[in-house]
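Here the structure is laid out as structure tokens; the discussion comes afterwards.
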Amino acid sequence: MSKEKQPLTDTLHIPEPEDELTHPMKDYLRSERLPHIWCSTCGIGTVITAFITGLEKSKLEKEKVAVVSGIGCSGRAAGYIRLDSFHTTHGRAIPFATGLALGNPELKVAIISGDGDLTAIGGNHFIHAARRNMNLTIICINNFNYAMTGGQAGPTTPLKANASTAPYGCYEYPFSLPFLAESSGAVFVARWTSLHVRRLAKSISEALLKPGFSFIEVISPCPTLYARRNRLGTGLDLMKFYHDNAVIKHGADTSQVDIKYQESIIVGKFVDKDKPTFFESRNNFLKDRLGNHFIPYKGPEKI
Amino acid sequence: MKADPIGVATGSHYLDGDHACAEGAIAAGCRFLAGYPITPSTEVAERIAERFPKVGGMFIQMEDELASMAAIIGAAWTGVKTMTVTSGPGFSLMMENLGLAVMMETPCVIVNVQRGGPSTGLPTLTAQADMMQARWGSHGDYEIIAISPNSPQECFDLVITAFNLSERWRVPVLFMMDECVGHMTEKVEIPEADRIEITPRKYYKGDKKKYKPFNFNDSSNITPMVKAGDGYFIHLTGLTHVENGYPVISAEAQDKNVRHLVDKIKKNEEKICILEEDQINDAEVIVISYGISSRVALKAVHEAREKGLKVGVLRLITVWPFPEKRIRQLAKQVKAFVVPELNLGQVVLEVERCSSGQTKTILVPHAGGSVHNPNDILAAIEETVA
């Protein structure tokens with residue numbers, strides 16, 4: 001590659017080599033691990049930015065927030081975020097995070113992972129963590145396919161969309177994730193696209209502060225596999241599609257927010273209600289039943 | 001360090017192995033258990049569910065064994081001692097995340113009250129047929145520690161040893177009971193808390209920015225841990241990684257990482273292995289056994305001695321790592337090893353490997369469902385000296 005100085009334009013500041021380059025989110029990123037592995041115009045990076053913005057906004061103590069990922073493109077999220085971060089096994093981010101959240105009840109545990117990881121191989125854990133109202137924030141980056149392994153069909157691939165294991169188009173009905181989350185017991189459910197960066201960051205901040213099982217689905221472009229195979233253009237084209245076709249409907253009935261192939265996408269905050277968390281229910285119930293014999297779990301001793 | 005008296009039910013009890021195991025875990029300081037019901041191990045979880053709220057522990061019944069295993073790894077990194085309990089089919093489901101615990105070098109204890117298999121097999125009847133699964137069940141190269149108790153008293157005593165070894169070597173320890181030991185009821189003496197030795201977790205206390213969760217250069221000096229939530233901002237992954245926990249996908253990184261996982265157990269075999277030997281000195285035949293089969297074998301050994309046969313006993317209290325050095329030594333001394341086990345030949349393969357060319361090895365197989373008839377073991381002993 002040529003090392004010649006690039007021409008300066010009026011609108012773009014090209015730093016001089018002696019300028020110190022610092023990322024505006026350097027305190028939250030493992031910058032020594034950059035560049036990341038994600039493709040150009042992939043939406044995952046945007047979600048990470050929104051996560052960090054939302055986390056800052058929440059004013060939660062950084063030390064007390066952990067992030068857990070499963071496997072896949074989105075599963076790499078944990079590897080770039082400078083918090084206690086765990087890159088676990090395929091589908092098992094939620095039970096691993098359940099262990100963290102129960103092991104130290106002072107922690108707020110966020111899960112950033114993909115649609116296949118969380119709702120296909122990890123689907124059972126998803127519904128049960130929601131049922132228990134476990135204190136977890138789930139950010140599901142939905143790119144409609146298994147991208148890391150080459151673009152296979154998954155539980156969210158819309159009917160008719162093409163995928164490498166659905167070469168004639170997908171004929172399985174997909175999940176509607178907000179509906180799944182709400183019916184399983186989630187107390188906070190929102191959906192945005194990776195175009196809605198500010199709204200997404202706000203939802204993330206709210207979700208992090210919400211006790212119990214909060215769920216945010218982020219529709220995100222996969223330019224290399226899903227978009228290319230379906231001839232939908234680049235990541236930018238998909239962002240334009242979101243711009244033209246996303247309809248904000250706060251409080252929408254989650255049974256009515258299915259995503260159909262290249263049709264409008266209903267986004268917004270759908271559910272925000274209060275219910276005791278697993279930990280609160282357990283403590284209150286056992287205190288009631290056992291009285292003074294009950295010794296609440298306090299988490300690890302301070303060292 | 002001594003046990004916390006709050007969890008120790010000091011006194012003389014009449015308990016089955018499952019309940020004794022639960023009491024041992026509590027005495028060992030275990031305060032987090034995630035599990036899923038499965039015969040014949042359920043009583044361990046049931047007793048924990050009853051006892052934990054009164055000793056400040058956290059019990060959660062998960063949706064399956066995959067989740068149970070994942071949860072205890074997550075919880076372990078918050079600083080609590082963790083355990084899960086299962087039997088064959090559940091043990092199979094735990095294998096994937098057992099590998100994660102190995103890779104993240106996470107102390108935890110997995111109890112497997114063995115029943116007959118494969119598949120659903122014999123839910124209510126005994127077997128020792130998961131021994132090779134314990135050794136090799138998760139994919140990839142690694143070494144593991146597995147302990148096999150032969151009485152309810154040992155279910156109490158040795159599960160404490162399991163926790164201690166787990167902390168000492170930062171490795172998941174498999175507690176390989178069987179249905180017979182799990183469901184037999186005997187006297188169990190639970191000592192005073194100050195007579196129970198506990199290995200506390202080692203914590204790093206230096207500069208937060210300099211902490212590395214792994215050390216691949218010294219197999220006997222295990223890196224101290226930290227807790228999630230204490231501001232170390234650790235990163236742990238199931239991917240092949242380097243000492244700071246970051247993934248590196250290369251043959252060189254793989255070699256360092258995997259060699260360390262293997263070396264820390266293999267090179268410390270003599271520090272880890274717990275064996276029980278009896279009447280070895282003049283022995284011409286040694287019966288090598290573990291778990292419930294070791295008790296059945298005693299009757300055969302006793303009768304053989306009465307007949308004037310020079311028979312000794314070697315009991316594998318830890319089955320893995322396999323005590324290679326000791327077996328090689330004894331192989332030079334005896335005419336034969338006799339290995340009764342409740343499977344059609346698993347641990348016997350290791351005995352054969354370590355004694356090859358030196359002495360012969362006779363398997364006394366049994367497919368499970370009951371224990372051996374001691375006469376079968378006696379017949380094998382007699383055959384070797386005939």
Side-chain angles (χ1 to χ4, degrees), chain A residues 30 32-33 61-66 68-69 71 76 78-107 109 122 124-125 127-129 131-132 134 278-279 282 286 289-290 293-303, chain B residues 6 31-32 34 52-82 84 96-101 103-104 108 200-201 203-205 208 226-239 241 244-247:
Chain A
R30 300 182 184 273
E32 65 276 25
R33 290 215 58 224
E61 210 183 325
K62 229 176 124 188
E63 285 75 7
K64 299 296 174 200
V65 181
V68 182
S69 292
I71 295 294
R76 293 302 184 97
Y80 300 116
I81 298 174
R82 191 177 296 285
L83 297 171
D84 284 323
S85 62
F86 302 88
H87 179 219
T88 65
T89 43
H90 195 21
R92 319 300 165 211
I94 291 174
F96 189 101
T98 297
L100 280 172
L102 286 181
N104 184 349
E106 284 182 12
L107 291 179
V109 186
N124 198 32
H125 311 310
I127 57 173
H128 284 278
R131 172 180 65 78
R132 298 182 183 108
M134 199 54 72
F278 172 92
F279 200 72
R282 177 185 188 268
L286 290 174
R289 289 295 163 98
L290 297 177
H293 294 293
F294 176 51
I295 303 181
Y297 176 78
K298 294 236 169 54
E301 277 175 42
K302 301 276 178 288
I303 44 165
Chain B
I6 241 186
R31 291 293 180 273
F32 187 98
F52 262 13
K54 298 171 185 172
V55 299
M58 172 63 75
F59 165 76
I60 181 168
Q61 185 171 312
M62 296 300 284
E63 52 275 17
D64 57 32
E65 290 89 347
L66 296 155
S68 305
M69 187 63 219
I72 68 165
I73 308 171
W77 280 96
T78 69
V80 62
K81 289 191 179 180
T82 67
T84 186
E96 181 198 29
N97 286 305
L98 174 67
L100 184 67
M103 202 61 156
M104 290 182 171
C108 53
R201 185 163 300 176
Y203 286 108
Y204 172 84
K205 290 183 186 108
K208 285 194 174 176
V226 295
K227 297 173 188 168
D230 279 0
Y232 288 88
F233 304 128
I234 46 171
H235 179 65
L236 299 173
T237 174
L239 286 168
H241 48 265
N244 65 4
Y246 288 0

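Scope of the values below: all heavy atoms of this structure, side chains included, with no hydrogens, waters or symmetry mates. Labels below follow one simple rule: chain letters A, B, ... track the order of the sequence lines, proteins then strands, and each chain is numbered from 1.
In this structure, A/Pro300 and B/Arg31 have side chains that are not in contact, with every pair of non-hydrogen atoms separated by 4.5 Å or more. For the pair A/Arg76/B/Leu239, a side-chain contact is recorded, criterion being any heavy-atom separation below 4.5 Å from C-beta on.
When all heavy atoms are compared, the tightest approach of B/Gly231 to A/Glu63 is CA-CG, 3.4 Å. Contact record, B/Pro53 with A/Leu290: CB-CD1, 3.6 Å, taken as the closest heavy-atom pair. Between B/His235 and A/Gly79, the shortest heavy-atom contact is CE1-CA, 3.3 Å. The shortest heavy-atom contact between B/Thr78 and A/Leu100 is CG2-O, 3.4 Å.
Taken to the nearest 0.5 Å, the CZ atom of B/Phe32 stands 7.0 Å off from the OH atom of A/Tyr297. Rounding to the nearest 0.5 Å gives a distance of 7.0 Å between CZ of A/Phe96 and CG of B/Leu236. Of the inter-residue distances, the one linking B/Met58 atom CE with A/Phe278 atom CZ reads 5.5 Å to the nearest 0.5 angstrom. Rounding to the nearest 0.5 Å places NE2 of A/His87 at 12.5 Å from NE2 of B/His241.
Listed by first and then second residue, the salt bridge (charged side-chain N to carboxylate O under 4.0 Å, His left out) pairs that reach into residues 81-107 of chain A are A/Glu32-A/Arg82, A/Lys64-A/Glu106, A/Arg92-B/Glu96, A/Glu106-A/Lys302, sequence neighbours excluded.
Relative ring orientation between B/Trp77 and A/Phe86 is described as tilted, the plane-to-plane angle lying within the 30° to 60° band.
Stacking of A/Arg30 on the aromatic ring of B/Tyr246 is not recorded, the 6.0 Å distance cut-off and the 45° axial limit not both being met.
Chain B forms the most heavy-atom pairs under 4.5 Å with one residue out of A/Ala93, A/Gly122, A/Ser85, and that residue is A/Ser85.
For chain A, the nearby parts of B/Ala228 are the backbone and the side chain; heavy atoms of each come within less than 4.5 Å. Proximity to chain B (any heavy atom under 4.5 Å) is restricted, for A/Arg282, to the side chain, taken from C-beta onward.
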Could you pull out every donor-acceptor pair under 3.5 Å between side chains of residues 63-74 of chain B and any protein atom, sequence neighbours left out?
residue: B/Glu63; atom: OE1; partner: A/Arg132; partner atom: NH1; Å: 2.9
residue: B/Glu63; atom: OE1; partner: A/Arg132; partner atom: NH2; Å: 2.9
residue: B/Glu63; atom: OE2; partner: A/His125; partner atom: ND1; Å: 2.8
residue: B/Asp64; atom: OD1; partner: B/Leu66; partner atom: N; Å: 3.2
residue: B/Asp64; atom: OD1; partner: B/Ala67; partner atom: N; Å: 2.8
residue: B/Asp64; atom: OD2; partner: A/Asn124; partner atom: ND2; Å: 3.4
residue: B/Ser68; atom: OG; partner: B/Asp64; partner atom: O; Å: 2.8

